[in-house]
Amino acid sequence: MSSYKHFETQAIRTRAEKSQNREHTTPVYMTSSFTFEDAEQARALFGDEIAGNIYTRFSNPNNNELIDKLCLLEGTEDGVATASGMAAMFTSMAGLLKSGDHILASRSLFGSTHQILTGIFPKWGIEHTYADIEKPETWEGLIRKNTKMIFVETPSNPGLDLVDLEWLGKLAAAHNLILNVDNCFATPYLQQPAKWGAHLVTHSATKFIDGQGRAIGGVVLGPKDLIKDVRYFSRHSGPALSPFNGWLLSKSLETLHVRMDRHCENAMKIAEYLEDHKDLEFVKYPFLKSHPQYELARKQMKLGGGLITFNVKGGLERGRRFLDGLKMISFTANLGDTRTSATHPASTTHSKLSDEERAAVGIYPGLVRVSVGLENVNDILEDIENALRISRGITQVAYNI
Ligand SMILES: *Cc1c(COP(=O)(O)O)cnc(C)c1O
């Protein structure tokens with residue numbers, strides 16, 4: 001793997017081997033299998049004595065290129081590309097854990113990751129305990145004899161709370177645990193968990209890595225010895241990424257730095273504008289000085305990220321009316337797109353939880369999560385301001401009491 005010094009160059013210039021056509025851009029290798037030169041090469045390939053592609057469920061030049069790039073960007077040795085972010089989360093755990101093992105996880109997790117821990121793993125005897133992000137002093141006491149892995153997301157969804165990666169890296173090392181960080185919200189451009197001691201870095205590449213709302217994909221990255229077991233699991237259970245999506249995602253990485261700079265610049269401007277807004281109870285953004293973990297955000301993130309949350313005064317009804325009042329901004333649960341989108345977790349992704357359960361992960365009735373896109377920031381702001389006005393018009397009297 002060639003290694004350039006800087007992030008941008010690595011993301012653009014790292015590539016699969018060229019074919020005999022001397023193409024400038026890596027072509028899409030839509031082939032299910034690869035041929036062998038002779039019996040001896042086939043034997044050596046299957047025996048892992050030499051590296052090379054055999055069958056696209058195992059590896060493919062497009063997916064290899066994606067992994068090579070992400071290893072350079074994240075500072076990891078090896079990785080596996082998967083068909084979705086959830087396949088990455090699942091494979092990173094199922095490939096390394098066995099019945100009787102225990103996972104310590106942060107309570108603020110992506111919904112389907114929560115379902116894996118609570119609905120799927122218990123069937124196979126893999127247990128978990130949730131720890132609260134805002135009470136780091138309690139985490140060590142939750143580690144058991146059979147704990148094997150710590151799993152976290154930072155910044156968290158949708159609360160945008162941070163986990164101190166340096167602290168957690170040390171805790172994991174002291175107890176000989178695998179630290180697995182879902183780095184999907186930050187991307188390697190803003191934060192490299194491996195630098196702070198994370199062993200595995202997992203991604204939903206569907207979000208900012210694709211960044212254009214086109215493809216589903218994921219990756220598991222880490223040291224060779226752990227990835228060996230993850231790869232074994234993946235190779236034989238089959239969550240392989242399509243070469244076309246591998247190609248698309250690798251291409252997308254070429255513009256990740258430019259896109260993330262603008263996502264963050266737009267998000268920062270919007271967060272600052274909304275901070276003292278009379279219609280909002282609070283605004284949360286990691287790079288706002290009012291964020292309770294502002295110092296930590298500055299330490300472990302390059303910029304504040306593309307997501308903002310705010311709590312509309314007036315609770316559930318007004319939160320819903322705000323979403324209905326948006327004209328340009330898309331109402332969708334997805335995030336990390338060129339198009340700004342907004343969602344109301346209390347009535348959508350987290351509607352099945354009780355009020356208490358929602359409050360425990362920072363989801364208040366009026367909470368709105370905005371994934372700030374790459375449109376002109378003034379158009380985004382105008383739409384938000386207009387929707388706030390619409391939501392206020394109908395309920396002004398009741399909520400001013
Ligand atoms: C979207 C998301 C996932 C799941 O990824 P898919 O590509 O949708 O399977 C996992 N973790 C986080 C933080 C996400 O935002």
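One-based numbering along the sequence shown. Just follow the structure's listing: the first ligand is 1, and inside any ligand the first atom is 1.
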Practice prompt. Look at the rings of F58 and Y55 and say which category their plane angle falls in: under 30° parallel, 30 to 60° tilted, over 60° perpendicular.
Written response: perpendicular

| Under 6.0 Å between the ring centres of H291 and F287? | no

### Pair F185 and F208, ring centroids less than 6.0 Å apart
no

Worksheet item: Does the ring center of F310 lie less than 6.0 Å from the ring center of Y364?
Response: no

Does NZ or CZ of K170 lie under 6.0 Å from the centre of the six-membered ring of W196, at an angle within 45° of the ring axis? no

Ring-plane angle category for H114 and Y130, please: parallel below 30°, perpendicular beyond 60°, tilted otherwise. parallel

Does ligand 1 have any N/O pairs with the protein under 3.5 Å, and how far apart?
| unit_1 | atom_1 | unit_2 | atom_2 | d |
| --- | --- | --- | --- | --- |
| ligand 1 | 5 (O) | S204 | OG | 2.9 |
| ligand 1 | 7 (O) | G85 | N | 2.8 |
| ligand 1 | 7 (O) | S204 | OG | 2.8 |
| ligand 1 | 7 (O) | T206 | OG1 | 2.6 |
| ligand 1 | 9 (O) | G85 | N | 3.0 |
| ligand 1 | 9 (O) | M86 | N | 2.8 |
| ligand 1 | 11 (N) | D182 | OD2 | 2.7 |
| ligand 1 | 15 (O) | K207 | NZ | 2.7 |

